[in-house]
Structure formats: structure tokens, C-alpha cells
Amino acid sequence: MADLQYQGMVDEAEFLRLVSYETCDMNHIPDHLRGFDFCWSACCLEHLGSIRHGLDFIINSLDTLNPGGMAVHTTELNLSSNDATVETGPTVLFRRRDLEDLMSEVEALGHSITPLSISLMATPLDHHVDVPPYGDTLHLKLLLMEYVSTSVGVVIRKAS
């Protein structure tokens, strides 16, 4: 918990009253994890065994939220193809179409989702693709298996 607290944001007692941390099996979210205003996962979805498991987790994560609560999830996005990708295994790569399908599913359930914002060549750093063995240089893109990938975020507000 100490790693989550930033000095000056809120005093320690208030932080400990308001914040909780628990690991869980993201493919089977425990029923006691309910009533939160915010749910966040960072680069975990691609390690749940399949694209479908990752998308199911995003939908199921909304059950942990109060009405109007926010879910924020980041994952790997395949920039090389909207068709060919790694769909199952220890690391999967989401395609734009997978996230567009998710957007439709989330909206059909009555929730709101921020539109995807994918800018392929916005800055000079975008032109660099890091390759194994990955170095210490800054990168926004890297070669995973045979695909160029980057991080993408999904932001959802649960229906009120």
C-alpha cells in the first residue's frame, strides 16, 4: 500500500481508509470485490490466456464498480495487423477490431466508453520500434513475436 500513496495528495489515515489493494484471479473476480468507484489494471489483459478472456475481464470488472464508477485498463495493441495476431497463449495481442467489438458490447450494456485514440506516426519517437533484446532506450513500440505493438488504454464509465 505504501507504494501506492503519493505524499501530499491525501494524508495517510485518509488514504488507508479509502484505498484497498488485493490481488485476484482476473478470470474469476471474487464476489466480495464490489462497491468501488475505480478499477484499474495495467498490462494484465494480455496475460489471461486469450483475447476473449481479456475482453471478458473488462466486462466483468464493471461488476466491481458502483454506478458511475470508472474502469481503466491498458493492454498491448497489435499495430501490424487487424486480422493476424496472437489470440491465445501466455501473451496475446489485441487488435483494433477486438477493441471496437468491446466498445459495441460495452455500449450495448448501457455503459459509456471513451473512443479509441490510436495515432500511428505522431512523433519521431513513433518511428522507432524496439526489438529483442530490448534496450534501455525510450520506446512507444516494440516487436512482440512478429508484430509491432504499443500500449492502448480503455476507459469505461459504468451506467448510473
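- Considering only heavy atoms from C-beta on, V152 stays 4.5 Å or farther from F94 through its side chain.
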Verdict with reasoning, D63 to I29, per side chain to side chain contact (heavy atoms under 4.5 Å, CB included): CA-CA 9 Å; D63 293 338; I29 302 172; over 6 Å; no

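- Between H73 and F57, the closest heavy-atom pair is CE1-CE2, 3.4 Å.
- The backbone N or O of P90 lies less than 3.5 Å from a partner atom in the side chain of H47, making a donor-acceptor pair.
- Here I156 contributes atom CD1 and H111 contributes atom NE2; the two are 8.0 Å apart, rounded to the nearest 0.5 Å.
- Judged purely by atom type and a 3.5 angstrom limit, N82 uses its side chain to pair as donor or acceptor with the backbone of R96.
- Taking OG of S112 as the reference point, atom CE of M103 lies at 10.5 Å (rounded to 0.5 Å).
- Side-chain atoms of I58 and L102, non-hydrogen and from C-beta on, do get closer than 4.5 Å to each other.
- By the 4.0 Å N-to-carboxylate-O rule, R52 lies close enough to D56 to be salt-bridged with it.
- The closest side-chain heavy-atom distance from D101 to L55 is not below 4.5 Å.
- One finds the CG atom of L138 at 10.0 Å from the CG atom of D130 (value rounded to the nearest 0.5 Å).
- Criterion: ILVMFWY side-chain heavy atoms under 4.5 Å apart, direct or through other members. Under it, V72 and L33 are not part of a common hydrophobic cluster.
- For E87, the side-chain contact (heavy atoms from CB on, under 4.5 Å) criterion is met by I51, T85, R95, not counting sequence neighbours.
- Taking CG from N66 and SG from C39, the interatomic distance works out to 12.0 Å, rounded to the nearest 0.5 Å.
- Counting non-hydrogen atoms of neighbouring residues, nucleotides and ligands closer than 6.0 angstrom, the OH atom of Y134 exceeds 12 such neighbours.
- The line from OG of S81 to CZ of R97 is 8.0 Å long, rounded to the nearest 0.5 Å.
- Judged purely by atom type and a 3.5 angstrom limit, N78 has no side-chain atom pairing as donor or acceptor with the backbone of V92.
- Without hydrogens or angle criteria, K158 side chain to L62 main chain gives a donor-acceptor distance under 3.5 Å.
- Without hydrogens or angle criteria, S160 side chain to P67 main chain gives no donor-acceptor distance under 3.5 Å.
- Summarising the local packing, CD of E107 is surrounded by more than 12 heavy atoms from other residues, nucleotides or ligands at distances under 6.0 Å.
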